[in-house]
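First up is the structure itself, then whatever we jot down about it.
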Protein chains: 2
Amino acid sequence: MEVNGSRKRETYHHGALREELVEACVRLIEAEGIAAVSLRRVAREAGVSPGAPYHHFADRAALLSAISARGFELLTQDLLGAVGRRGTTSGGDEVARTVAAYVAFARRQPGHFQVMFRPELSEPEKHPAVQEAGDAALQVLTELVGRLGVADPHALGLTLWATGHGLAALALDGLLTQKAETWDTDPDDLLARAVGQIGRSVDALTGLPGETRQHEA
Amino acid sequence: MEVNGSRKRETYHHGALREELVEACVRLIEAEGIAAVSLRRVAREAGVSPGAPYHHFADRAALLSAISARGFELLTQDLLGAVGRRGTTSGGDEVARTVAAYVAFARRQPGHFQVMFRPELSEPEKHPAVQEAGDAALQVLTELVGRLGVADPHALGLTLWATGHGLAALALDGLLTQKAETWDTDPDDLLARAVGQIGRSVDALTGLPGETRQHEA
DNA sequence: TCTCCAGTCTGAGCAGTGTTCAGATTATGA
DNA sequence: TCATAATCTGAACACTGCTCAGACTGGAGA
């Protein structure tokens with residue numbers, strides 16, 4: 001079952017194989033899941049022999065790393081867009097919008113997202129570009145939280161990162177839809193309510209006297 | 001490189017192969033990561049031929065499903081333990097303890113945890129036991145949240161599940177330690193602060209008049 | 001106690017995988 | 001124009017998941 005038909009080339013050299021491999025791989029993940037991704041299969045989709053990819057990527061992990069790094073770049077752009085938007089009424093609103101952007105990204109780019117948070121696939125310790133791109137994305141959240149004036153911005157940044165990631169993972173795995181059915185609500189609505197609640201709780205946290213007192217001690 | 005030495009048997013029949021396969025698999029994940037897990041390798045670790053596991057598990061996914069289901073059972077026990085403990089001063093405290101138990105589980109049973117949230121490995125749609133065990137674990141959180149009297153318990157339950165899972169995933173992937181270094185703090189302390197913050201924000205949420213008003217409308 | 005059989009295990013085999021490599025082909029730049 | 005570097009092919013190797021015929025054996029029924 002070919003996702004792209006793997007039409008034959010008339011030229012010996014492909015011309016833009018690197019890009020096509022990345023695209024074919026993302027397409028494949030979105031269509032059949034990460035389990036269906038093999039380098040040979042990706043090569044086939046791109047209409048190229050099994051050995052060809054190795055002139056552009058050191059190994060399978062390198063291809064997935066490229067996708068992961070690109071994904072973090074796209075995510076960073078989305079987060080920056082959410083943070084920079086006008087009409088902010090409170091820090092909580094801004095946080096809610098950012099978390100929503102996080103989840104929206106995962107649903108719009110499921111192929112990238114599924115690779116980004118599976119470190120055993122992309123071996124980030126061998127591919128520092130992934131680490132750097134990931135740090136840049138987290139940085140957006142950290143700076144946003146820093147402006148909120150909360151007592152422990154690092155802890156909050158970490159929590160928001162974890163929550164955004166967790167919600168996105170649940171949405172992708174179908175657990176969100178499943179739970180929404182059990183609870184007899186709309187999945188998108190459920191998600192929106194969860195995100196809104198996060199925003200309100202952040203607002204509550206910034207206004208808490210107990211929060212600031214903690215670090216004064 | 002053998003994790004367990006794969007010592008020879010003197011009997012033709014193993015006797016408790018099913019259990020040993022599960023244990024060897026968990027051991028392997030903890031020692032070398034999920035990428036190193038192959039059924040042949042697990043069979044070798046158990047000192048048995050490549051075909052033997054198929055008398056106990058339909059396929060690779062079935063073995064991983066068994067581990068996943070068992071993991072959810074262990075998690076449920078831990079969560080129940082955290083919920084039922086004495087000395088609760090507020091709903092937020094109880095939530096914080098439960099989230100902490102979630103993260104602690106992931107760190108104590110990394111082998112199980114890594115399989116539990118990778119649905120493409122265990123194919124839960126084919127193995128309903130995994131779904132059921134997972135639902136039971138989530139149920140603990142849902143009931144806890146239900147007792148808090150918050151306006152939208154479903155949304156909060158989902159968020160807490162996502163946050164607990166996200167924090168645990170970050171802790172396992174080493175991102176927590178990495179960030180702690182960047183921020184010049186202790187990873188365990190950072191985690192404890194994040195969890196405590198979640199508890200306080202839940203307390204803030206339950207006391208918010210705006211929360212209850214939403215559902216009165 | 002013997003016998004038989006269902007459950008267990010072996011080992012060969014198939015198709016598919018990641019990766020390497022010699023050799024064929026072609027773009028590039030001197 | 002032509003050597004060189006980059007790219008691609010296809011065969012090969014060791015590995016994987018999985019199947020299956022046949023070897024083994026614990027235990028129930030005679």
Side-chain angles (χ1 to χ4, degrees), chain A residues 1-3 6-25 28-29 32-68 115 118 120-123 126-127, chain B residues 1-3 6-25 28-29 32-68 115 118 120-123 126-127:
Chain A
M1 220 194 300
E2 305 283 339
V3 167
S6 72
R7 53 207 177 280
K8 269 186 188 167
R9 268 169 299 125
E10 65 280 0
T11 55
Y12 186 86
H13 286 321
H14 183 286
L17 183 54
R18 190 176 215 281
E19 288 70 24
E20 177 145 354
L21 287 172
V22 169
E23 285 166 24
C25 188
L28 203 48
I29 299 172
E32 303 183 26
I34 195 108
V37 170
S38 73
L39 255 195
R40 291 179 104 103
R41 175 80 190 277
V42 171
R44 232 177 293 141
E45 297 281 342
V48 108
S49 83
Y54 289 88
H55 292 274
H56 300 275
F57 298 99
D59 51 19
R60 188 186 121 111
L63 168 59
L64 294 173
S65 290
I67 293 175
S68 183
V115 181
R118 279 177 179 46
E120 83 276 6
L121 292 179
S122 53
E123 301 179 3
K126 285 187 189 172
H127 306 273
Chain B
M1 222 193 299
E2 305 284 336
V3 167
S6 72
R7 54 207 175 280
K8 267 186 189 168
R9 266 170 301 127
E10 63 281 0
T11 56
Y12 185 87
H13 286 313
H14 183 287
L17 184 53
R18 190 176 214 280
E19 289 70 24
E20 177 145 353
L21 287 172
V22 169
E23 284 166 25
C25 188
L28 203 49
I29 299 173
E32 303 184 25
I34 194 111
V37 171
S38 72
L39 256 195
R40 292 179 104 103
R41 175 79 191 277
V42 171
R44 233 177 293 143
E45 297 281 343
V48 109
S49 83
Y54 290 90
H55 292 276
H56 301 275
F57 298 100
D59 51 18
R60 189 185 120 110
L63 169 59
L64 294 174
S65 290
I67 293 174
S68 181
V115 180
R118 280 176 178 46
E120 83 276 7
L121 292 179
S122 53
E123 302 179 3
K126 285 187 190 171
H127 306 272

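To find a chain, count down the sequence lines: A is the first, B the second, and so on, and within it residues start at 1.
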Task: Distance (rounded to the nearest 0.5 Å) between B:L28 CG and B:E23 CD - done: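 B:L28 CG to B:E23 CD: 13.5 Å, rounded to 0.5 Å.
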Is any side-chain N or O of [X] closer than 4.0 Å to OP1 or OP2 of [N]?
X     : N      : answer
B:S49 : C:dG11 : no
A:H56 : D:dC8  : yes
B:R9  : C:dT10 : yes
B:R40 : C:dG11 : no

Tell me if a side-chain donor or acceptor on [X] pairs with a main-chain N or O of [Y] at a distance below 3.5 Å.
X      : Y      : result
A:R118 : A:E120 : no
A:R60  : A:V37  : yes
A:R18  : A:L21  : no

Atom [atom1] of [X] to atom [atom2] of [N]: distance rounded to whole Å?
X     : N      : atom1 : atom2 : answer
A:E20 : D:dT7  : CD    : P     : 15 Å
A:L64 : C:dT17 : CG    : C1'   : 14 Å
A:D59 : D:dC15 : CG    : P     : 18 Å
B:H14 : D:dA23 : NE2   : P     : 24 Å
B:R60 : C:dT17 : CZ    : C1'   : 13 Å
B:F57 : C:dT8  : CZ    : P     : 12 Å
B:H55 : D:dC18 : NE2   : C1'   : 12 Å
A:L39 : D:dC8  : CG    : C1'   : 15 Å

Open item on the list: Does the protein touch nucleotides 25-30 of chain C at the base, only the backbone, or not at all? Give it as B, S and - per nucleotide, heavy atoms under 4.0 Å.
Closed with: BBS---
Task: Heavy-atom closest pair, residues A:A43 and A:S49 - done: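 Shortest heavy-atom separation between A:A43 and A:S49 comes out as CB-O, 3.7 Å.
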Task: side chain to side chain donor-acceptor pair (under 3.5 Å), paired with A:H14, selected from A:E20, A:H55, A:H56, A:E19 - done: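 Exactly one candidate clears the test, A:E20.
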Task: Note, A:L64 side chain near A:C25 side chain (heavy atom, < 4.5 Å) - done: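 Yes. Closest side-chain heavy atoms under 4.5 Å.
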Task: 5' precedence on DNA chain C between A:A36 and A:G51 (nearest-nucleotide basis) - done: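 Its nucleotide being nearer the 5' end, the pick is A:A36.
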Of all the choices, [options], which nucleotide is nearest to the side chain of [X] once you look at every atom?
X     : options                : answer
B:R44 : D:dG17, D:dT16, C:dT10 : D:dT16
B:S38 : D:dT16, D:dC18, C:dT10 : D:dT16
A:L17 : C:dT17, D:dC18, D:dC8  : D:dC8

